[in-house]
Amino acid sequence: MTAETAVKAPRPHRAGRARKPLLYAVASLGLLVMAAPFLWMALSAFKTRKDLTASPPVWIPSHWTLDNFTALLDQLDMPRYFLNSLIVAVLVTVSNLVFCSMLGYALAKLDFTGRSKVFGLVLAALMVPGNLMILPLYVLMNGMGLIDSYAGLVLPFAAGAFGVFLMRQFMLQVPDELLEAARLDGAGEWYIFWRIVMPLVKPALATLTIFTFLGSWNNFIWPLIATNDPDKYTLPVALATFANDPNRTVAGGNGMLMAGSLLVVLPVLFVFAVLQRHFTQGVATAGLK
Amino acid sequence: MSLTTGPAAPHAAVDKSPGPGHTPAPRGRRSLSRHNLTGWLFSTPFLVLFGLFMLFPIVATLLMSFTDFGARHVTRPLDAEFVGLDNYTRLFQDDTFLKALFNTAYFVVVGVPATIVLGLLAAILLNNGIDRARTFFRIGFYAPVVTTIVAVAIVWRFVLDPSDGLVASLATELGVNAPDFLGSETWAMPSLIAMAVWRNLGTVMVLCIAGLQAIPTEVREAARLDGAGAWQELRRVTVPLLRPTLLYATVITSIGYLNVFEEPFVMTQGGPSDSTLTVSLDMYREGFNFFHMGYASAMAYVLFVVIMGITLLQLRLLKDNTR
């Protein structure tokens with residue numbers, strides 16, 4: 001059952017009629033707590049230096065200003081970091097879509113010797129924490145001359161176990177009769193995969209796209225290690241470096257940090273609000289299958 | 001074309017068996033060899049990337065943890081010298097590491113139950129408690145999960161600021177003196193945990209909503225007809241039926257919290273006086289600030305073993321309970 005169907009289904013409540021307003025009050029209060037940091041960030045980004053340091057703090061800027069944004073763009077090459085994050089996220093996403101789907105298809109639909117061992121490997125990989133790999137990965141990338149390169153940022157994430165697992169689960173549901181029929185008609189295995197199976201698992205591809213793209217966009221520790229040259233910083237690395245820079249002028253810097261955080265978070269929140277159904281389905285699917 | 005050809009039937013029988021770890025039923029030799037080459041061709045790109053950037057580093061970390069791998073070995077890895085278990089014995093005499101281990105345990109022991117309980121309550125509230133604007137509420141509760149943690153941590157740094165932060169000023173309004181959250185050894189860790197709970201309860205909520213919707217309405221109805229109150233329904237019906245979901249949520253939340261890095265890195269840099277230094281942050285420092293990479297590798301493996309142990313324990317519980 002999806003989230004959508006349940007939203008509309010009326011449920012009988014015998015005991016709780018009188019409690020309804022109370023429950024709504026609790027839910028609204030919870031929502032307010034969840035949203036408060038975002039509201040604070042968004043409003044602070046437009047505050048003047050005076051409003052930023054006011055005590056007690058003011059929620060609504062007494063004077064709206066874009067100074068924080070202009071100062072930020074002046075001091076930090078935000079378009080560059082934005083582009084870096086975008087390039088890395090797109091490359092990571094595309095390669096995951098292709099490679100994870102290929103293995104997912106093999107695991108779901110092709111019976112080959114060693115299949116269960118490969119699947120076991122994928123499941124085991126799901127449990128390995130990413131931080132276990134970064135030390136030798138740094139040495140390896142350094143040896144390959146890939147520090148401060150897009151390849152160095154992309155390759156470690158080019159094919160993830162989660163994607164394989166997700167794609168396999170969805171491809172299991174594609175009827176074998178369809179594939180057999182295509183095979184009898186003389187279709188090659190690549191044609192079947194690319195032209196028949198892939199279009200049928202579009203919802204899964206959408207889910208994988210969202211998760212991989214956001215995972216890459218929000219990733220921090222590896223880009224932090226794999227870049228020294230500010231020209232190759234991704235957005236989070238640039239933002240964290242700026243936030244921890246002792247030379248940043250404190251009050252003006254706070255407004256700039258809120259502006260920067262807003263610029264990083266806003267696209268993500270927007271994409272999420274538009275595609276939220278895929279998110280919740282993805283989480284639920286990965287969790288329950 | 002016929003959709004009901006003979007050879008398709010065994011495929012269907014094998015492939016529809018769900019769940020991890022199933023072994024395919026024995027198949028005819030002919031069809032095995034028919035797909036052998038294709039199967040491996042489709043697997044190769046993933047396996048190459050996986051081998052190079054995951055399998056190799058996992059093994060290399062283990063090997064490095066038995067060496068004196070330092071800055072000069074980054075360009076000449078093979079010159080590193082074997083030191084046996086030295087790194088590991090040193091770790092358990094290293095007060096900083098022990099503190100990091102304690103801090104990480106603190107984060108998990110307080111953070112995981114808080115995240116699970118609040119996530120579950122949010123799920124029940126938004127699934128059974130209210131009917132209108134559910135999607136709107138869910139988006140609000142889940143939004144922190146998808147946002148960039150570095151940006152969010154920066155925002156929280158200001159929300160918790162003692163002089164002009166949001167929480168401190170709310171406290172002042174209420175006539176309470178708020179502590180300097182991130183500057184206090186007592187309060188820094190709880191502050192980071194609060195932020196982590198705020199950020200992650202949405203994941204638990206979504207998992208629990210999916211779980212709740214799988215519970216037949218009749219079960220709840222029956223409980224209510226038998227006179228169960230809200231608390232009894234929660235304890236005797238909802239929680240037991242959601243057990244697999246809750247355990248899965250516990251596993252993934254625990255793994256996440258055991259690896260916690262960004263929050264202390266951005267908000268406190270491990271301070272004050274290492275009170276928010278986590279194992280991952282300590283490993284990062286030893287490895288990439290001081291280039292004690294052999295030592296840091298040993299740290300990574302200790303953390304890995306802890307994570308593995310906890311995960312396997314929880315998965316075992318999960319298995320026992322779904323039977």
Side-chain angles (χ1 to χ4, degrees), chain A residues 1 6-7 23-24 27 31 34-35 37 40-41 53 55-57 99 102-103 105-106 110-113 116 118 123 127 129 131-133 135-137 139 142 155-156 158-159 172 176-177 180-181 189 214 218 220-221 225 236 239-240 243 257 261 264-265 268-269 272 276 280 283-284 287-288, chain B residues 1 3 5 8 11-12 15 20 23 27 32 35-36 38-40 42-43 45-46 49-50 53 57-58 60-61 74 77 125 129-130 134-135 137 139-141 143 146-151 154-155 159 164 166 169 206-207 210 213 248 259 261-262 266 280 287-288 293 296-297 300 304 307 311:
Chain A
M1 197 197 299
V7 170
L23 292 176
Y24 273 94
L31 188 69
M34 298 308 279
W40 183 250
M41 165 186 71
T53 51
S55 184
F99 297 141
M102 283 172 70
L103 182 53
Y105 175 65
L110 301 173
D111 218 351
F112 59 99
T113 8
S116 57
V118 173
L123 288 182
M127 279 199 269
N131 293 354
L132 189 67
M133 284 145 325
L135 291 146
L137 210 48
V139 178
N142 193 56
L155 282 173
L172 283 175
D176 286 294
E177 290 79 3
E180 281 304 320
E189 215 56 53
L214 275 189
N218 294 340
F220 181 61
I221 187 163
I225 291 161
L239 201 61
L257 276 175
S261 302
V264 175
V265 164
V268 175
L269 280 182
F272 166 64
Q276 59 91 19
T280 42
V283 174
L288 294 178
Chain B
M1 72 180 123
L3 286 178
T5 45
H11 268 281
D15 287 334
T23 36
R27 304 284 318 282
L32 252 188
H35 284 153
N36 248 346
T38 335
W40 282 105
F42 272 83
S43 313
F46 178 90
L49 287 167
F50 181 82
F53 301 111
I58 290 172
T61 307
V74 170
L125 184 65
I130 64 172
R134 273 185 183 168
T135 311
F137 278 108
I139 290 179
F141 276 73
V146 299
T147 49
T148 314
I149 185 155
V150 167
I154 287 172
V155 173
V159 168
D164 47 25
L166 197 57
S169 69
V206 167
L207 286 169
Q213 292 181 349
Y248 175 77
N259 280 308
F261 174 78
E262 282 95 340
V266 175
S280 288
F288 296 101
M293 296 185 108
S297 299
F304 176 52
I307 290 176
T311 308

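These numbers come from the heavy atoms of this one structure, side chains and all, not from hydrogens, waters or symmetry mates. Order of the sequence lines sets the chain letters (A, B, ...), proteins ahead of strands, with each chain counted from 1.
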Among [options], single out the residue with the greatest number of heavy-atom pairs under 4.5 Å to chain A.
{"options": "B:F46, B:F50, B:F304", "answer": "B:F46"}
{"options": "B:V159, B:V155, B:I149", "answer": "B:V155"}
{"options": "B:I154, B:T311, B:V266", "answer": "B:I154"}
{"options": "B:N259, B:V74, B:V146", "answer": "B:V146"}

Is [X] in contact with chain B via its backbone, its side chain, both, or neither, using a 4.5 Å heavy-atom distance?
{"X": "A:V264", "value": "both"}
{"X": "A:I225", "value": "side chain"}
{"X": "A:L239", "value": "both"}

List the atom of [X], the atom of [Y], and the distance in Å for their closest heavy-atom pair.
{"X": "A:A240", "Y": "B:V150", "value": "CB-CG1, 3.8 Å"}
{"X": "A:A159", "Y": "B:L49", "value": "CB-CD1, 3.9 Å"}
{"X": "A:N131", "Y": "B:A300", "value": "O-CB, 4.5 Å"}
{"X": "B:F42", "Y": "A:E189", "value": "CZ-O, 4.0 Å"}
{"X": "B:T148", "Y": "A:P236", "value": "CG2-CG, 3.8 Å"}
{"X": "B:A143", "Y": "A:L269", "value": "CB-CD2, 3.8 Å"}

Checking heavy atoms, do the side chain of [X], its backbone, both or neither come under 4.5 Å from chain A?
{"X": "B:F288", "answer": "side chain"}
{"X": "B:I139", "answer": "both"}
{"X": "B:I307", "answer": "side chain"}
{"X": "B:F141", "answer": "both"}
{"X": "B:L125", "answer": "side chain"}

Legend entry - Flag side-chain contact, heavy atom, 4.5 Å: B:T38 against A:F112: no
Inset, instruction - Pick whichever of A:P37, A:A158, A:P156 has the most heavy-atom pairs under 4.5 Å with chain B. - result: A:P37
Legend entry - Side-chain donor or acceptor of B:N36 paired with backbone N/O of A:T113 under 3.5 Å: yes
Inset, instruction - Say whether, by atom type as modelled, one donor and one acceptor occur between the side chain of B:T147 and the main chain of A:V265 under 3.5 angstrom. - result: no
Inset, instruction - Determine the interplanar angle of the A:F220 and B:F261 rings, folded into 0 to 90°, and report it as parallel if under 30°, tilted if 30 to 60°, perpendicular if over 60°. - result: tilted
Inset, instruction - Could you list the residues that satisfy side chain to side chain donor-acceptor pair (under 3.5 Å) with B:S43, not counting sequence neighbours? - result: none
